[in-house]
J.: 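The structure that follows is given in the form of structure tokens.
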Amino acid sequence: MVQLYNLHPFGSQQVVPCKLEPERFCGGGRDALFVAAGCKVEAFTVAGQELCQPRCAFSTLGRVLRLAYSEAGDYLVAIEEKNKATFLRAYVNWRNKRTENSRVCIRMIGHNVEGPFSGAFRDQMYIVEMPLSEAPLCISCCPVKGDLLVGCTNKLVLFSLKYQIIDEEFSLLDFERSLVIHIDNITPVEISFCVGYVAVMSDLEVLILKLESGPKNGERVHHHPHKTNDQMRWTEEGISNEISQLESDFVICQKPLELLGEKSEQSGLSVTLESTGLADEKRKYSHFQHLLYRRFAPDISSYGLSDDIKLHSLQLLPIYQTGPLTSDGKNLSQEKELLSLFCFFSLPHVGYLYMVVKSVELMSVYQYPEKSQQAVLTPQFLHVITSNNLQCFTVRCSAAAAREEDPYMDTTLKACPPVSMDVCALRIQLFIGLKAICHFKNHIILLTKADPETIPERRGSPKRLLSRKDTSVKIKIPPVAEAGWNLYIVNTISPVQLYKEMIDYSNTYKTAKTQSCIHLLSEAHLLVRAALMDASQLEPGEKAELLEAFKESCGHLGDCYSRLDSQHSHLTLPYYKMSGLSMAEVLGRMDWTVEDGLQKYEKGLIFYINHSLYENLDEELSEELAAKVVQMFYVAEPKQVPHILCSPSMKNINPLTAMSYLRKLDTSGFSSILVTLTKAAVALKMGDLDMHRNEMKSHSEMKFVCGFILEPRLLIQQKKGQIVPTELALYLKETQPGLLVASVLGLQKNNKIGIEEADSFFKVLCAKDEDTTPQLLVDFWEAQIVACLPDVLLQELFFKLTSQYIWRLSKRQPPDTTPLRTSEDLINACSHYGLIYPWVHVLISSDSSADKNYTEDLSKLQSLVCGPSFDIASIIPFLEPLSEDTIAGLSVHVLCRTRLKEYEQCIDILLERCPEAVIPYANHELKEENRTLWWKKLLPELCQRIKCGGDKYQLYLSSLKETLSIVAVELELKDFMNVLPEDGTAAFFLPYLLYCSRKKSLT
């Protein structure tokens, strides 16, 4: 049974001053009501709480059987009967109908209006007649595009809305018969159409299709011949239909059936699309998808198809994508984008609500306490009428649409009551003699009539057999007007007003930990959410009021879930987040009273506080609230106490209070490295350095690194998006920088901190600006290389380090602190720092004026260049600040050229700047394929420089002797003689020639 809350969704009511008993009525946009009686339609102005006033009236061709209004195009369409013939007519420009006797123009669909006659359509109402080959039974207008769908026996006809452009200032509304949907073996009683979605309902069947324009990849174009000879289908249906038309004493009933999605193709209904449009090919529907088929079984005890088992109130309800309201509130309806679509239909005692856009599923089932006559679905409510009651049920449309609209729904950021939550009845209002209902904006239109006792119940023939192909279905025409009828406009109260009543009602459950409180608060939340989604219906200033109510409802739901110890207690977090309440405000709403000497804290509140303290909120709790929080976690989750104390929000806690709880953890046997580190941090706040030192001596450095990985906030915190080092980090920088660097490296390797965050941390820690790199950061980069990070990060680290080394050498800037590792340490620790080539040492030693303050940076740079992983080409553009005028700069430049295999250029440079390094360079570099450079490059260059004499004559001469010794070993005598200079002294070269000639005999 549906739960009933005795709330008051209905407000004021008034009587519509119509002259004749209404036969059909419908809403007209935001401010109009149409009432058809006899051969006349009256239009009334409905504006807010003001009295309903007649607006205009116009005559129809005959008695109105069906009536519908389209906001897109602002036209009224009616099925009319005259002399047992039915007609389909659209009434356009009706707002210019000033008096009942005003002139009216009538035109046929598709008829082009000539220029001289266009003025007649500009300022007066005109009627568009749409002839059909078969009698129209039902109609539906697309709320977005204004297209008109007409139901006939075994087919649906689609008229596309279009405009004939007469001139720049005037266009004429028209229709084009664009599509015929043939559906064999079904007679539509009601239809509904919305943006290509078609819902068809017979007495016991509902079919939903989706029309599509243009085939998509991977989709099958549906095509069924209009006449099928399929033997199996004939077996299943043809026999059944044939037998049902015979005079027989048997009733043949098909089983109830529900088919969703592609399975609905197995319904047995033959569906064919027949395109009839001549223009506007872009809107031509070429294929369709089956979405839903549902068949109900009749009550065979009635031996006929009585009203007790007929379907009624088919409706497609769209919900559009919500967007920002414009400042003037205009153009909101012109950019409608379908977000979700829902389909409702009902049996007399039960109603069904389906979601049909991205997936087809049954959302809600409504059990009515008594037989229903008609129902209307809105984004907020389902209104149902019985003979004597107006019932208001809640719906889950906004809950489903919210999940379609927001990808963050059902996460720790956002929440919404579930679609599967039980629906409830908000009100059952007594209304005597209810006959019909419709809804528009915030108005419910009700027709009441006191039936004379002599009017028998409507029944078909007792011998009527049940058949899908029952062409005897006719539209019920009301009897002649009788006394005792009224047409009411019932105004629904504003969502905010009803929301406040629901909140007040929920207070009766506040002290009890029951689901009833959550259920009613969830209903209130969905009510406000649905109103916010329908932004086009909001009055000025109403949106701000609704947003405030939305946040308040989230706070109430957060309160409820915080008091629960269930599987849904985690919802406390997203609801409190959406409420906009601060953590202090949430804690202020809690009941801190102690029962039976024990304070119990439920999972929901603990979950919220724990996550909030982890999310680095820019909120600092007062000393009192911080003490309550740590007490709460000591009772509920003692393992979380060290983590809680590290939160920036707990900054104001008294250190003595924090230390007392940490010591309680020690005495209770809960001892861990995390407790030790937290105690050390609290000791610093207390100014007790001895206690801090004792705690930091109790474990090894590696264990401390593991502790910092468990709780990074011991070192690094964030405030207003900026990284802030803790007091413990500042102290470790001075006392244990190696532990600090190792700990941050551990955080990075465990994805607890990003690369840029780590760099910023060290710069802030050392009070350096963005353009200055502290030595501690360089130590961190070197530690990263030693830790063997992935190759993707390696080259970036090489670039950072080489840039820093080069900058210091070029500016002659020493490190601000003593480096943690020497070049020798780095070479021994990892392969990325290579052994420095021997000739480099010779080159460096030649500079007696070298500054010892920069030797470490130079050695590290040389070692990186000598390493196997370094990309030499990437550093060349950055070597410019490092001058070759110094031996330090020269060594780096020559190293880089050597790595790029520019050996000849390097030989020239060394011969010019440091001849003593030439032979060590050649011994190390000129090997294998480069060995020929000994006699092709080095030997000629030395001979030439010796000829020129100068200060370096002796250096060149000793280098030449070393070179001749190498060449004499490598070459044959003939080749050796060819490389010797022609003008050389024979006595000088003779020993080398004799060695070369004896070399073969010796071997």
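These numbers come from the heavy atoms of this one structure, side chains and all, not from hydrogens, waters or symmetry mates. Position 1 is the first residue of the sequence, and the numbers go up from there.
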J.: Before giving the answer on side chain to side chain contact (heavy atoms under 4.5 Å, CB included), spell out for Leu148 and Phe193 the whole-Å C-alpha distance, their side-chain angles and the decisive distance to 0.1 Å.
T.: CA-CA 8 Å; Leu148 173 64; Phe193 182 60; over 6 Å; no

J.: Would you check if Val104 and Tyr126 make a side-chain contact, meaning some heavy-atom pair closer than 4.5 Å?
T.: no

J.: Do Val16 and Tyr488 come close enough that some side-chain heavy atom pair is under 4.5 Å?
T.: no

J.: Quick one: do Lys441 and Asp31 make a salt bridge, cutoff under 4.0 Å?
T.: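 Looking at Asp31 together with Lys441, the answer is no, because their closest N to O distance does not fall below 4.0 Å.
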
J.: Which is it for Leu204 and Ile309 under the side chain to side chain contact (heavy atoms under 4.5 Å, CB included) test, yes or no, and what are the steps along the way?
T.: CA-CA 8 Å; Leu204 290 173; Ile309 46 85; 4.1 Å; yes

J.: Is the distance between the ring centroids of Phe58 and Tyr91 under 6.0 Å?
T.: yes

J.: Report yes or no: do Ser213 and His287 form a side-chain donor-acceptor pair below 3.5 Å?
T.: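 No, His287 and Ser213 have no side-chain donor paired with an acceptor closer than 3.5 Å.
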
J.: Any idea which heavy atoms bring Asp184 and Asn154 closest together, and the distance?
T.: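 Heavy atoms of Asp184 and Asn154 come nearest at C-OD1, 4.0 Å.
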
J.: For Ala68 versus Leu76, what's the shortest heavy-atom pair and its separation?
T.: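 Residues Ala68 and Leu76, closest heavy atoms: O-CD1, 3.3 Å.
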
J.: Within the side chain of Asn93, is there an N or O that forms a donor-acceptor pair under 3.5 Å with the backbone of Gln124?
T.: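 Such a contact is found between Asn93 side chain and Gln124 backbone.
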
J.: Test your reading of the model: is there a side-chain donor-acceptor pair from Glu190 to the backbone of Met201, 3.5 Å cut-off?
T.: no

J.: Distance alone, cut at 3.5 Å: any donor-acceptor contact between the side chains of His182 and Glu274?
T.: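 His182 vs Glu274: donor-acceptor pair found between side chains.
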
J.: Heavy atoms only: give me the nearest Leu137-Cys152 pair and the separation to one decimal.
T.: CD1-C, 4.1 Å

J.: Answer yes or no: are there more than 12 heavy-atom neighbours, outside Glu134 itself, under 6.0 Å from its atom CD?
T.: yes

J.: Could you check if a side-chain atom of Asp74 sits within less than 4.5 angstrom of a side-chain atom of Trp94, using non-hydrogen atoms only?
T.: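 Answer yes - side chains close enough.
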
J.: May I have the step-by-step check of side chain to side chain contact (heavy atoms under 4.5 Å, CB included) for Val419 and Arg403, ending in yes or no?
T.: CA-CA 10 Å; Val419 175; Arg403 288 170 169 83; 4.2 Å; yes

J.: Look at the aromatic rings of Phe440 and His443 and report parallel, tilted or perpendicular, splitting at 30° and 60°.
T.: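 Rings of Phe440 and His443: tilted, 30 to 60°.
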
J.: In the structure I gave you, are the side-chain heavy atoms of Ile437 and His383 within less than 4.5 Å of one another anywhere?
T.: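 Heavy-atom side-chain distance check passes, below 4.5 Å.
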
J.: Inspect the contact between Glu80 and Lys82 and indicate whether a charged nitrogen and a carboxylate oxygen are less than 4.0 angstrom apart.
T.: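 Answer for the salt bridge query: no.
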
J.: Between Asp174 and Tyr163 (side chain of the first, backbone of the second, donor and acceptor by atom type, cut-off under 3.5 Å), is there such a pair?
T.: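 Pair absent, no side-chain N/O of Asp174 close to backbone of Tyr163.
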
J.: Any chance you could measure Leu67, atom CG, to Ile139, atom CD1, to the nearest 0.5 Å?
T.: 6.5 Å

J.: Gly27 and Cys438: which non-hydrogen atoms are nearest, and at how many Å?
T.: N-SG, 4.1 Å

J.: Would you check if the side chain of Ser372 reaches a backbone N or O of Pro348 as a donor-acceptor pair within less than 3.5 Å?
T.: yes

J.: Would you call Leu341 and Leu317 a side-chain contact if the rule is heavy atoms closer than 4.5 Å?
T.: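 No. Closest side-chain heavy atoms not under 4.5 Å.
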
J.: To the closest 0.5 Å, what do you measure between NE2 (His439) and CD (Gln315)?
T.: 9.5 Å

J.: Taking Phe34's backbone N and O only, do any of them form a donor-acceptor pair with Tyr69's side chain (distance below 3.5 Å, no angle check)?
T.: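 No; zero donor-acceptor contacts below 3.5 Å.
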
J.: Donor-acceptor check, side chain of Thr153 to backbone of Thr187, threshold 3.5 angstrom: yes or no?
T.: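 Flag not set: sc Thr153 to bb Thr187 has no pair under 3.5 Å.
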
J.: Check whether any side-chain N or O of Thr378 sits under 3.5 Å from a backbone N or O of Phe381 as a donor-acceptor pair, and report yes or no.
T.: yes

J.: Applying side chain to side chain contact (heavy atoms under 4.5 Å, CB included) to Phe44 and Val35, what does each step give before you reach the verdict?
T.: CA-CA 8 Å; Phe44 298 90; Val35 181; 3.8 Å; yes

J.: Between the main-chain N or O of Asn442 and the side-chain N or O of Thr492, is there a donor-acceptor pair closer than 3.5 Å?
T.: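 Checked: pair present.
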
J.: List the steps, then state whether salt bridge (charged side-chain N to carboxylate O under 4.0 Å, His left out) holds for Lys358 with Glu404.
T.: CA-CA 9 Å; Lys358 292 185 178 179; Glu404 295 288 341; 3.3 Å; yes

J.: For a side-chain contact (heavy atoms from CB on, under 4.5 Å) with Pro318, tell me which candidate from Cys142, Pro379, Ser340, Cys194 qualifies.
T.: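 Among Cys142, Pro379, Ser340, Cys194, the one meeting side-chain contact (heavy atoms from CB on, under 4.5 Å) with Pro318 is Cys194.
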
J.: Without swapping roles, check the side chain of Gln53 against the backbone of Thr45 for a donor-acceptor pair under 3.5 Å.
T.: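 No, Gln53 side chain to Thr45 backbone: no donor-acceptor pair under 3.5 Å.
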
J.: Verify, without hydrogens or angle tests, whether Asn96 (side chain) and Met125 (backbone) share a donor-acceptor contact under 3.5 angstrom.
T.: no

J.: Please report whether the ring centroid of Phe175 lies less than 6.0 Å from that of Tyr75.
T.: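 Ring-ring flag for Tyr75/Phe175: true, centres closer than 6.0 Å.
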
J.: May I ask you to decide whether Arg63 forms a salt bridge with Glu81, counting only side-chain N to carboxylate O separations under 4.0 Å?
T.: no

J.: Are Phe345 and Tyr354, when compared by the centres of their aromatic rings, separated by less than 6.0 Å?
T.: yes

J.: Salt bridge (charged side-chain N to carboxylate O under 4.0 Å, His left out) between Glu212 and Lys210: does it pass, once the steps are laid out?
T.: CA-CA 6 Å; Glu212 296 181 332; Lys210 180 185 178 184; 3.8 Å; yes

J.: Give, for atom CD1 of Ile183 and atom OG of Ser270, the distance between the pair rounded to the nearest 0.5 Å.
T.: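 Spacing of CD1 (Ile183) from OG (Ser270) equals 9.5 Å.
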
J.: Indicate the atoms forming the closest heavy-atom contact of Lys435 with Ile385, along with that distance.
T.: C-CD1, 3.8 Å

J.: Do Met533 and Glu405 come close enough that some side-chain heavy atom pair is under 4.5 Å?
T.: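 In short, these two side chains touch, coming nearer than 4.5 Å.
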
J.: When you check the gap from the basic side-chain N to the acidic O, do Arg294 and Glu205 get nearer than 4.0 Å?
T.: no

J.: Rounded to the nearest 0.5 Å, what separates atom CD1 in Ile79 from atom OG1 in Thr86?
T.: 7.0 Å

J.: Answer yes or no: is there a side-chain heavy-atom contact under 4.5 Å between His312 and Leu347?
T.: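 With C-beta onward as the side chain, the pair stays apart.
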
J.: Please tell me if the side chains of Lys310 and Val189 come closer than 4.5 Å, counting only heavy atoms from C-beta onward.
T.: no

J.: Rounded to the nearest 0.5 Å, what's the gap from CZ on Phe342 to SG on Cys397? Could you check?
T.: 4.5 Å

J.: Hey, could you give me the CG/CD distance between Leu259 and Glu265, rounded to the nearest 0.5 Å?
T.: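 Going from the CG atom of Leu259 to the CD atom of Glu265 covers 10.5 Å.
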
J.: Where do Leu88 and Pro136 come nearest, in terms of heavy atoms and distance?
T.: CB-CG, 4.5 Å

J.: Per the side-chain contact (heavy atoms from CB on, under 4.5 Å) rule, which among Leu61, Leu20, Thr60 passes with Cys39?
T.: Thr60

